[in-house]
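Because the structure is predicted, anything quoted here is derived from the model rather than measured. Just so you know, residue 1 is the first one in the sequence shown, and it goes up from there.
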Amino acid sequence: MKCTRIFIFACLLWGLACIKHVFFPEVFWPSSCLAVNDTKQIEISVPQELQASLQEDEGCRFWQAKCDRFFVDAHLQPLGDKPVELTDPTPPERVYKTLARYKVKDVVLKDAQLIWVDDYPVWKYEFSGQKDGKAYDMVAASYLISHNRYIVTYFYHAGSETARDDALRSIKSLQDSKRTEKVEAQ
């Protein structure tokens, strides 16, 4: 009798977790790792895990994911050994190259704002543009961490506040996690 109660309780908990996953999928966003070294890893959360490309884009490693509400493209751009200040509100050239890569035309910068995420300064840019005759909005974030620039760009249908909110939530999910175990180079 006691085993039956435990089994029923376990089934109820499992069912509630499934229902929560269906109705609140944003709670279950996986973290995607953008960089790993012996001491830390850089992670960001999106609805679908970012898939690493086997090729490079002009010396940059990149990842992509097609999610329900938006498409995301993330680039890691090595900057060398010299420190770079994140004081200029002008979007990095890499952002415009990414927009051109996806054939977005008539790009207009609507907003540039410096925010703080996980103790790092981050420039957030909002754009509008056209692709295949349809209006799109884009949000890009530029993070500088350990002599690398991480540029994450989100593409979604113009006017979708839900997609914009999801993109902003993803931008704010960046984490610089300390590693405790030894990691092999990627």
Side-chain angles (χ1 to χ4, degrees), residues 25-26 28-37 39-80 84 86 88-104 107 109-129 131 136-157 160 162-179 183 185-186:
E26 62 274 0
F28 295 95
W29 285 10
S31 288
S32 294
C33 188
L34 300 179
V36 175
N37 65 26
T39 59
K40 65 178 152 184
Q41 65 187 31
I42 307 299
E43 296 179 319
I44 194 164
S45 296
V46 291
Q48 302 292 321
E49 188 171 353
L50 291 169
Q51 299 299 312
S53 175
L54 298 177
Q55 60 191 14
E56 287 189 355
D57 182 13
E58 296 181 6
C60 298
R61 292 180 50 202
F62 70 98
W63 299 260
Q64 300 171 322
K66 185 174 189 293
C67 306
D68 289 338
R69 297 183 181 131
F70 58 79
F71 175 80
V72 62
D73 177 282
H75 276 76
L76 181 154
Q77 180 181 25
L79 298 175
V84 177
L86 199 62
D88 185 8
T90 306
E93 185 180 334
R94 175 81 258 157
V95 174
Y96 288 108
K97 287 181 178 182
T98 299
L99 297 175
R101 177 182 194 185
Y102 293 105
K103 298 178 175 77
V104 179
V107 174
L109 176 63
K110 298 188 316 185
D111 186 40
Q113 181 181 14
L114 184 63
I115 61 175
W116 288 87
V117 177
D118 197 31
D119 295 326
Y120 289 103
V122 176
W123 275 104
K124 176 186 66 78
Y125 307 100
E126 297 195 42
F127 299 91
S128 63
K131 179 181 165 108
Y136 280 86
D137 287 334
M138 289 78 54
V139 176
S142 176
Y143 310 88
L144 284 178
I145 301 173
S146 302
H147 303 290
N148 291 311
R149 183 187 308 265
Y150 298 87
I151 299 173
V152 185
T153 308
Y154 305 83
F155 301 81
Y156 54 92
H157 294 286
S160 175
T162 305
R164 181 181 179 275
D165 291 345
D166 284 353
L168 295 177
R169 178 175 171 234
S170 178
I171 288 169
K172 292 176 182 174
S173 74
L174 180 91
Q175 291 182 343
D176 176 359
S177 305
K178 302 295 181 211
R179 304 279 306 178
V183 178
Q186 284 187 342

So which atom in Leu50 and which in Ala74 form the shortest heavy-atom distance, rounded to 0.1 Å? CD1-CB, 4.3 Å
Would a 4.5 Å heavy-atom cut-off, applied to side chains only, mark Val152 and Trp63 as touching? no
Which atom of Tyr136 lies closest to which atom of His157, heavy atoms considered: OH-CE1, 3.5 Å
Could you list the residues that satisfy side-chain contact (heavy atoms from CB on, under 4.5 Å) with Lys66, not counting sequence neighbours? Phe71
For Ser45 against Ser170, the heavy-atom pair lying closest together: O-OG, 2.6 Å
Classify the angle between the aromatic ring planes of Trp123 and Tyr125 as parallel (below 30°), tilted (30 to 60°) or perpendicular (above 60°). parallel
Kindly indicate whether the side chain of Gln48, heavy atoms from C-beta on, has any atom under 4.5 Å from the side chain of Val72. no
Glu49 to Ala65 - nearest heavy-atom pair and separation: O-CB, 3.9 Å
Any side-chain heavy-atom pair from Ile171 and Tyr143 closer than 4.5 angstrom? yes
Could you check whether any side-chain heavy atom of Leu99 comes within less than 4.5 Å of a side-chain heavy atom of Thr153, counting everything from C-beta outward? yes
For residues Pro78 and Asn148, report the shortest heavy-atom separation together with the two atoms involved. CA-OD1, 3.3 Å
Output, in order, the C-alpha distance, side-chain angles, deciding distance and verdict of side chain to side chain contact (heavy atoms under 4.5 Å, CB included) for Ile151 and Gln77. CA-CA 8 Å; Ile151 299 173; Gln77 180 181 25; 4.1 Å; yes
Just by distance, no angles: are the side chains of Arg149 and Ser142 close enough, under 3.5 Å, to form a donor-acceptor pair? yes
Non-hydrogen side-chain atoms of Phe62 and Asp73 separated by less than 4.5 Å: yes
Check this for me: Glu56, atom CD, are more than 12 non-hydrogen atoms of other residues, nucleotides or ligands nearer than 6.0 Å? yes
Tyr154 six-ring centre to Arg69 NZ/CZ under 6.0 Å and within 45° of normal: no
Set of residues satisfying salt bridge (Lys or Arg N to Asp or Glu O under 4.0 Å) with respect to Arg94, sequence neighbours excluded: Asp57, Glu58
Given side chains that start at C-beta, do those of Pro121 and Trp116 come closer than 4.5 Å, heavy atoms only? yes
Holding to side-chain contact (heavy atoms from CB on, under 4.5 Å), I want the full list of residues that pass it with Gln175, two or more places apart in sequence or in another chain. Glu43, Asp118, Ser177
Using a 4.5 Å cut-off on heavy atoms from C-beta on, say whether the side chain of Gln113 contacts that of Lys124. yes
Aromatic contact between Phe155 and Phe70, with the criterion being ring centroids under 6.0 Å apart: yes or no? no
His75 and Tyr150 aromatic centres sub-6.0 Å: no
Check Asp111 against Leu109 and note the closest heavy-atom contact, atom names and distance. O-CD1, 3.4 Å
